[in-house]
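Computed over heavy atoms, backbone and side chain alike; hydrogens, waters and symmetry mates excluded. Just so you know, these numbers come straight off a predicted model, no measurement behind them.
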Amino acid sequence: FPLVSGTVVEGDKRGAQLGFPTANLQLPAQICQPKAGIYIGYTIIKDKKHPSVINCGFKPTFGRHPYQCETHIFNFNQNIYGQTVAIQFLKFLRTEQKFSSADELVEQIKKDVKKAKEFFNLAP
């Protein structure tokens, strides 16, 4: 499965404000960027695979942003800023889209998380 790695950098904390904290990855400039969209995959931290839902793209609901990959790691609350982590993409869920409100986005994220947890056979 495709794998990218990068350093976890501080973001704007919007994911946490929406109830879905993410680790934002600074990817090397020379890599081929994954297609913008939502994925199911693993976030690999110190050789341990953590089930995750991943967003790669431009965050269009909140205006145009530079391309970035961010990962919401299930059942995880450690500080990993500055660490190099890898993302392993297992399944493409949907294309990135612009929502009319943050509430609408949260409802879609809940659906994405539910699908990812079902994929991993995790409790909802």
Should the pair Lys35 and Phe92 be classed as cation-pi, given the thresholds of under 6.0 Å to the six-membered ring centre and 45° from the axis? yes

Nearest-0.5 Å distance that lies between atom CG in Leu18 and atom CZ in Phe20: 8.0 Å

Ring centres under 6.0 angstrom apart (Phe58, His65): no

Between the CD atom in Gln108 and the NZ atom in Lys111, the distance rounded to the nearest 0.5 Å is 5.5 Å

Before giving the answer on salt bridge (Lys or Arg N to Asp or Glu O under 4.0 Å), spell out for Glu107 and Lys110 the whole-Å C-alpha distance, their side-chain angles and the decisive distance to 0.1 Å. CA-CA 5 Å; Glu107 288 308 308; Lys110 287 178 183 177; 3.4 Å; yes

Can Ile109 be reached from Val53 by stepping across I, L, V, M, F, W or Y side chains whose heavy atoms are under 4.5 Å apart? yes

Separation of Lys114 NZ from Phe119 CZ (nearest 0.5 Å): 15.5 Å

Find out whether the Lys NZ or Arg CZ of Lys117 is both under 6.0 angstrom from the six-membered ring centre of Phe74 and within 45° of the ring's axis. yes

Do we see a donor-acceptor contact under 3.5 Å between the side chains of Thr22 and Thr71? no

Could you report the tightest heavy-atom contact between Leu25 and Ser5, atom names first, then the distance? CD2-C, 4.5 Å

Only one of Leu3, Ile40, Val4 clears side chain to side chain contact (heavy atoms under 4.5 Å, CB included) with Phe89; which? Val4

Please confirm whether the backbone N or O of Pro34 pairs with a side-chain atom of Tyr67, one donor and one acceptor, at under 3.5 Å? yes

Is there a side-chain contact (heavy atoms from CB on, under 4.5 Å) between Ile44 and Val85 once you walk through the steps? CA-CA 6 Å; Ile44 305 166; Val85 304; over 6 Å; no

Rounded to the nearest 0.5 Å, how far apart are CD1 of Ile87 and CD of Glu70? 9.5 Å

State, to 0.1 Å, how close Glu104 and Phe99 come at their nearest heavy-atom pair, and which atoms those are. OE2-CD2, 3.3 Å

In Å and rounded to the nearest 0.5 Å, what is the SG to OH distance from Cys56 to Tyr39? 6.0 Å

Do Ser52 and His72 come within less than 4.5 Å of each other through their side chains, counting heavy atoms only? no

Donor-acceptor under 3.5 Å (Asn24 side chain, Gln26 main chain): no

Smallest separation among heavy atoms of Ala23 and Ile80, with atom names: CB-CD1, 4.0 Å

Passes side-chain contact (heavy atoms from CB on, under 4.5 Å), Gln83 versus Ile45? Steps please. CA-CA 8 Å; Gln83 292 187 36; Ile45 305 165; 3.8 Å; yes

Rounded to the nearest 0.5 Å, the CG atom of Leu27 sits from the SG atom of Cys69 at a distance of 5.0 Å

Test side-chain contact (heavy atoms from CB on, under 4.5 Å) on Tyr81 and Glu10; report intermediate values, then the result. CA-CA 7 Å; Tyr81 289 121; Glu10 200 154 334; 4.1 Å; yes

Is there a donor-acceptor contact under 3.5 Å from the side chain of Glu96 to the main chain of Lys59? yes

Please name the pair of heavy atoms, one in Pro51 and one in Leu122, separated by the smallest distance, quoted to 0.1 Å. CB-CD1, 4.0 Å

Can you establish whether the number of heavy atoms outside Lys13 located under 6.0 Å from its atom NZ is more than 12? yes

